[in-house]
Amino acid sequence: MSQTVAIIGCGLIGRAWTIVFARAGLNVSIWDASPSVLENAMDALHATCIEAGEDPAILSCITTASDMQAALEGVDWVQENGPEQLAIKQQIYADLDRLAPPEAILASSSSALVASQFASELKGRSRILVAHPVNPPHVIPVVELCPSPDTAADVMDRAEALMRNIGQVPVRLSQEIDGFVLNRLQAVLLAEALSLVAQGIVTPQGLDDTIAHGLGRRWTLMGPLATINLNAPGGIADYLDRYGPTMARLSDSAARGEAFAAETAQSIAATLPSPDQVPTLSRQRDERLAALSRFLTSTSQDK
């Protein structure tokens, strides 16, 4: 691959994306609107490599740019990681569309805003899409590719091919939808989880153990549809025939709408580590996810 990538925004997601592209051998130019963030980016990237078990030598593919225009010079792909604020996103994309080479694809890491909200008035709106990663993308490979109504089909094809080539797992959506796929699934599971805890049916630890040592372990290797396909002798149709009515009844929870109430969040927060422990716990989580990622990659290659 000879493609050149620009990373616009060098926070946590931007740095993780930088590692994804750099370890695939692509030349990466990074820029951030904050001089202090940009100044510390290479040190932060080195630390992230060490935590994730990546060879710091991949950082030789990365250069820092003095401004956005310099970062965009000659690039084929732009991965934008700016604030999740519509007015800021609109300004960023007006600048990207004006400054980036006309054939470059402009991809947003947005987790809530869809591309039509910040790209519909731009001349180059056909080359803009959302490439929504899961944090942290350098160890969790799925990327949701969500087009706007204006995104060209060949842009989606190129985006999907690039993501596969750099070792990510692209999930191609056919149209815009609020929350994309992952967050919609996550929202439903979280709502039921919060509701069960709020009702006193299970403790927060018990709920988390159910996922971490039950569904989570099962879903690490295959998704829910592949899972239920193996859970009845006749495959998925047999499963739904046997258990569909029960699952439908269980999923129609009247309590779900109240699950995100502030008092529920406060009661659960009291049982969890305090906010000042989050950075350390996040690093530990990333190390474990990186080890899991290496294991799954090695077992896949052995087949």
Side-chain angles (χ1 to χ4, degrees), residues 1-34 37-38 41-42 44-46 48-49 52 54-82 89 92-93 95-111 115 118-119 124 126-147 151-152 154-172:
M1 291 179 289
S2 60
Q3 297 198 42
T4 300
V5 173
I7 299 292
I8 304 300
C10 298
L12 287 173
I13 297 298
R15 294 196 301 271
W17 268 122
T18 300
I19 290 174
V20 169
F21 289 113
R23 73 183 175 199
L26 278 64
N27 294 318
V28 186
S29 179
I30 63 175
W31 177 79
D32 194 283
S34 168
V37 170
L38 188 61
M42 293 305 295
L45 284 164
H46 186 275
T48 302
C49 280
E54 298 286 350
D55 185 353
I58 67 173
L59 302 182
S60 63
C61 297
I62 304 166
T63 58
T64 58
S66 57
D67 54 39
M68 180 186 285
Q69 184 167 6
L72 298 173
E73 184 175 349
V75 301
D76 304 290
W77 179 277
V78 179
Q79 190 71 42
E80 170 272 320
N81 313 281
K89 200 77 82 176
I92 289 174
Y93 275 85
D95 292 339
L96 291 177
D97 194 35
R98 176 172 53 87
L99 297 172
E103 295 303 313
I105 292 176
L106 311 181
S108 176
S109 296
S110 170
S111 60
F118 51 80
S126 65
R127 59 170 172 161
I128 299 173
L129 73 151
V130 170
H132 172 229
V134 179
N135 186 28
H138 62 298
V139 293
I140 301 181
V142 75
V143 183
E144 296 181 288
L145 303 178
C146 182
T151 306
D154 72 292
V155 167
M156 293 295 290
D157 291 342
R158 290 167 56 197
E160 185 175 4
L162 176 63
M163 288 297 120
R164 292 195 189 282
N165 287 339
I166 64 174
Q168 300 302 94
V169 178
V171 174
R172 184 167 174 168

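Position 1 is the first residue of the sequence, and the numbers go up from there. For the numbers below, each heavy atom of this structure counts, side chains included, while hydrogens, waters and symmetry mates do not.
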Taking side-chain hydrogen bond (donor to acceptor under 3.5 Å, both in side chains) as the test, write out the residues that go with R172, two or more places apart.
D157, E160

Can you see which heavy atom on [X] is nearest to which on [Y], and at what distance?
X: R15; Y: A41; value: CD-O, 4.2 Å
X: L145; Y: P170; value: CD1-CB, 3.8 Å
X: L129; Y: P147; value: CB-CA, 4.4 Å
X: P101; Y: R127; value: O-NH1, 2.6 Å
X: A22; Y: C61; value: O-SG, 3.9 Å
X: A71; Y: A6; value: O-CB, 3.4 Å

Which distance, rounded to the nearest 0.5 Å, do you find between the [atom1] of [X] and the [atom2] of [Y]?
X: I105; Y: D76; atom1: CD1; atom2: CG; result: 8.5 Å
X: I8; Y: L72; atom1: CD1; atom2: CG; result: 4.5 Å
X: E54; Y: L59; atom1: CD; atom2: CG; result: 9.5 Å

If you define the side chain from C-beta out and look only at heavy atoms, does anything of [X] sit under 4.5 Å from [Y]?
X: L106; Y: E80; answer: no
X: T4; Y: S29; answer: no
X: F21; Y: I7; answer: yes
X: L162; Y: Q168; answer: no

Determine whether a donor-acceptor pair (N or O, by modelled atom type, separation under 3.5 Å) exists between the side chain of [X] and the backbone of [Y].
X: R23; Y: G167; value: no
X: Y93; Y: S108; value: yes
X: T64; Y: I30; value: no

Out of the candidates T48, I58, I62, N81, only one should pair with T18 under the side-chain contact (heavy atoms from CB on, under 4.5 Å) rule; please name it.
I62

